[in-house]
Amino acid sequence: MHDGAERVGLVVVSHSARLAAGVAEVAGQMAPDVTVAAAGGTADGGIGTDFDAVSEALARVGAAAVLYDLGSARMVAELAVESLDDPSRVVLVDAPLVEGAVAAAVAAQGGADLAAVASAARAAGSEPEVAAPAEGEEIRVRLTNEIGLHARPAALTARTLSELDASVTVRFGDKSADGTSVLALMALGARGGDEVVVSATGRQSDDALRAFADLAARDFDE
Amino acid sequence: MACTAESVADAVRAAAAVVASHRDELVALDRAIGDGDHGENLNRGFTAVVAALDEGTPDTPAAVLKLVASTLISKVGGAAGPLYGTAFLRASAVVKDAAELGPAEVVAALEAALGGVVARGKAEVGDKTMVDALSPAVEAARSADSVSELLTAAAEAARAGAESTEPLVARKGRASYLGERSAGHVDPGARSTALILGSFAAGPVR
Ligand SMILES: Nc1ncnc2c1ncn2[C@@H]1O[C@H](COP(=O)(O)OP(=O)(O)O)[C@@H](O)[C@H]1O
Ligand SMILES: [Mg+2]
């Protein structure tokens, strides 16, 4: 993220106030510096979506990804977005609400721009790709930061590796993850003290392995 | 005879009255294949619309339609809010600042309303939604040549269209989660569309 740029925010639109607040809570926990605005339930506390509440939530964020639960929440969110002065500052994202919000929040926390935050959320909806162990060079790296490959470290790793022309697989125990997928990296569950095996193929495979080792040596800038 | 802002407002009041008197029927229909709030949602919305009109009728038909749209969008809460809201919003936009609406403008308004519902909800005829009532209504309205005739034709087509939803399996909206079990019930939104268009036809817009 370049200096002075605000992090992309998140708006969670749900039929239920508690669901919206809960999703915002779970996503926010992974992304302390990201504004996650919840808009759930009707004005009188019932089940439904409230245009005015969604509009207020949109006003609390700048650039933002908007996630929703059921179809009618999408329609209300669309209307609220259309009535913004600058509708292009937000993107409506069709993604599973909880996973999408977490993936988007982590990406936003890592400084990703709006398009990248939106695509992180969308990717959370697809089946986690079973990364075929890439053949080629392989290194073993011990994680020395406390939370390991979680939240911000996972986001930083994915972003760094996605800039390289290499296909990277990170393995921990019997699980393996595509090195460019935040959620897959997090799903490895590798914590501080754990050792992961990183393999890479492709033109910049050496750079990718070095980049991963550097990040781990720097404790992922934690 | 054409309709002024005043007669559009009267038509909307007639719709509010018919929604209020069929509230329980719409609730029952929605309870069968949805969450049972359609009658409540629409009644809340139209009650707020009448309250807004009581503050004073806007100057043009477009302004009345826009007030209806923004009130329904704010107050309805369920899928019907953004759908009817978009319908009235598009109708308002298409009649611009005309002081009176003749048959051509009313047809254009109905077409725009249908276009708005389809754009918002992505439903097609046969998906068991309000589109099944509104789409044939627009079609029927095109072949009449006075406002009152076209509203009567639209209402009749909407009524038949709503009934045609009974055997259908829902492919859009909350009812679609029921799959085959949604068959055998009239779609609440199609029914409310028929009721509202019926009230326009029977109301003071002549
Ligand atoms: N995608 C859609 N396109 C068109 N109409 C829809 C769509 N989704 C729902 N509807 C209509 O909305 C009606 C339900 O409205 P309502 O009960 O107010 O909303 P909710 O389903 O959110 O409870 C349905 O009977 C159907 O006619
Ligand atoms: Mg309902």
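Convention: sequence-line order gives letters A, B, ...; per-chain numbering from 1. The figures here come from the full heavy-atom set of this structure, side chains too, leaving out hydrogens, waters and symmetry mates.
- Interface check for chain B: of the options Ala73(A), Ala43(A), Ser72(A), the most heavy-atom pairs under 4.5 Å are formed by Ser72(A).
- Heavy atoms from other residues, nucleotides or ligands lying under 6.0 Å from CD of Glu222(A) number more than 12.
- For CG of Asp59(B), the number of neighbouring non-hydrogen atoms (other residues, nucleotides, ligands) closer than 6.0 Å is 12 at most.
- The number of heavy atoms from other shown groups lying within 6.0 Å of CZ (Arg18(A)) does not exceed 12.
- When side chains are defined from C-beta on, Ile47(A) does not count as touching Asp35(B), because their heavy atoms never get closer than 4.5 Å.
- Across every non-hydrogen atom of Gly121(B) and Met75(A), the tightest pair is CA-SD, 4.0 Å.
- For the atom pair Glu82(A) CD and Arg120(B) CZ, the distance stands at 4.0 Å (nearest 0.5 Å).
- Atom CG of Asp97(B) has 12 or fewer neighbouring heavy atoms from other residues, nucleotides or ligands inside a 6.0 Å radius.
- Annotation: the span from Ile73(B) atom CD1 to Asp52(A) atom CG amounts to 10.0 Å, rounded to 0.5 Å.
- Between chain B and the residues Val76(A), Val54(A), Thr42(A), the most heavy-atom pairs under 4.5 angstrom are made by Val76(A).
- Contacts of Lys122(B) with chain A are made by side-chain atoms alone, with heavy-atom separations under 4.5 Å and no backbone atom involved.
- Here CG of Leu79(A) is found 11.0 Å from OG of Ser70(B). Values are rounded to the nearest 0.5 Å.
- Side-chain contact check for Phe51(A) versus Leu72(B): every heavy-atom pair is 4.5 Å or farther apart.
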